[in-house]
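Reading through the structure tokens given below for one structure.
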Amino acid sequence: MALVLIIGVPLAVWGTWLRLGRTPSARRWASGDSPERSMFSIPFFGGALVLIAAGALAHGVRALATVLTLAGVVCFLIALVFGMLRAPAPAFLKPRWYREIEKRTPTKRAPRKAHSVAEPPAARTAPTVEPAWRPVRDALRADVTALQPEGLVELRADAQHYVLIYHYGDRLSVDCAGSQAWGGDAPVTAAQEERLLALGFTTPLQRRREIETTTSYRCTIATDRPEHAQEAADLAVTALSILGVQPDAHLDQVRS
């Protein structure tokens, strides 16, 4: 029983920390490929081990031992069915903060793709670049135009507010700092997220079945049109503006 407790207690504590999601790092699993592992497998399997071990130790009090053992079996079944087998879980078993994310950005269980490409919605709001942002946009557009395949341009205000533009294959990927709600870097409000999604950005929950999953908001642009660099630069500076960055702030722009 000691070995069971040695394994079960750390798993239960770690799983509880993940489910509580009190910090961005504790919520990072929400943007991963297998959130069920952190949401159900780790905490409930750990809880099952602790409860079953406690039931064995309480063998002298039969009623208590029975209750603890049955509770452990229930926890094990939850870990198995909803964690390992990934059966659709009822809402009440999910953390409240995770349910709020699902309401804001419904998850689409798409099949895995050869490349991490999330198609933007067919209809989206065109980015509006304010006059004060145009010098920044023009400098960014020049770097994006010069990007080679596998190249990257980064425009960063600070650790919480940045955009990255990747060139891979026949596409550009515009990545904006993700929300702390799922473990990203930026303190994004629901209103800000709504504006980003209207521009065509997707969330990690919508890209979950792709090979590469990050915590960022992402919008992809085909490079077979002459205006692709302009569109990417417009999206990038508009995203920073939505996140509250001012055009006269110190911005580091790096191309690699």
Residues two or more places apart in sequence or in another chain: which of them pass salt bridge (charged side-chain N to carboxylate O under 4.0 Å, His left out) with R225? E227, E231
Give me the atom names and distance for the closest heavy-atom approach of P43 to F40. CD-O, 3.6 Å
Determine whether I42 and L93 fall in the same hydrophobic cluster, where Ile, Leu, Val, Met, Phe, Trp and Tyr are linked whenever their side-chain heavy atoms lie under 4.5 Å apart. yes
Which pair of non-hydrogen atoms, one from A232 and one from L172, has the smallest distance, and what is that distance? CB-CD1, 3.8 Å
Indicate if I78 and W17 have the same hydrophobic cluster label, given that clusters are the connected sets of ILVMFWY residues with side-chain heavy-atom separations under 4.5 angstrom. yes
Measuring from I242:CD1 to H161:NE2, what's the distance to the nearest 0.5 Å? 12.0 Å
Between W97 and W29, does the ring centre distance come in under 6.0 Å? yes
Are any of the side-chain heavy atoms of C219 and L199 separated by less than 4.5 Å? no
CZ (R218) and CD (Q206) are apart, to the nearest 0.5 Å, by 12.5 Å
Atom pair CZ/CG of R137 and L235 - distance to nearest 0.5 Å: 11.5 Å
NZ on K94 to CZ on R99, rounded to 0.5 Å: 9.0 Å
CE of M84 to CZ of F76, rounded to nearest 0.5 Å, is 7.0 Å
Quick one: closest heavy-atom pair of V174 and I221, and the distance? CG2-CD1, 4.0 Å
Measure the CG-OG1 distance between L196 and T238 for me, rounded to the nearest 0.5 Å. 10.0 Å
Is there a side-chain contact between L155 and D143, using heavy atoms and a 4.5 Å cut-off? no
If you take all heavy atoms of A58 and L68, which pair is closest and at what distance? CB-CD1, 4.3 Å
If we only count heavy atoms from C-beta on, is the S41 to E36 side-chain gap below 4.5 Å? no
So do the side chains of L240 and V136 get within less than 4.5 Å of each other, counting heavy atoms only? no
Check salt bridge (charged side-chain N to carboxylate O under 4.0 Å, His left out) between R19 and all other residues, then give those that pass, not counting sequence neighbours. none
With side chain to side chain contact (heavy atoms under 4.5 Å, CB included) as the criterion, how do W14 and L11 come out once you've worked through the C-alpha distance, each side chain's angles and the decisive distance to 0.1 Å? CA-CA 5 Å; W14 181 29; L11 283 177; 4.3 Å; yes
Is there a donor-acceptor pair under 3.5 Å between the side chain of R156 and the backbone N or O of Y162? no
So L164 and S216, do their side chains get closer than 4.5 Å, heavy atoms only? no
Transitive ILVMFWY side-chain link V245 to V163, under 4.5 Å: yes
Just wondering, do W133 and L140 contact through their side chains at under 4.5 Å, heavy atoms? no
Check A139 against Q253 and note the closest heavy-atom contact, atom names and distance. O-NE2, 3.2 Å
Residue pair Q180 / V188, side-chain heavy-atom distance below 4.5 Å: no
Hydrophobic cluster membership, F82 vs V74, 4.5 Å side-chain cutoff: yes
So for atom CZ, which belongs to R195, do other residues, nucleotides or ligands contribute more than 12 heavy atoms lying within a distance under 6.0 Å? no
Begin with the C-alpha distance, continue with both residues' side-chain angles, and end with the deciding distance and a verdict on side chain to side chain contact (heavy atoms under 4.5 Å, CB included) for F44 and L77. CA-CA 9 Å; F44 284 98; L77 290 175; over 6 Å; no
Quick one: does D252's side chain get under 4.5 Å of E154's, heavy atoms only? no
Run the ring-centre check on W182 versus Y217 and record whether the distance is less than 6.0 Å. yes
All heavy atoms of T223 vs all of G169, minimum pair found to be OG1-O, 4.5 Å
When you measure from the side chain of T16 to the backbone of A12, do you find a donor-acceptor pair of N or O atoms at a distance under 3.5 Å? yes
Residues at least two apart in sequence or cross-chain that pass salt bridge (charged side-chain N to carboxylate O under 4.0 Å, His left out) with D170, listed by chain then number, are none
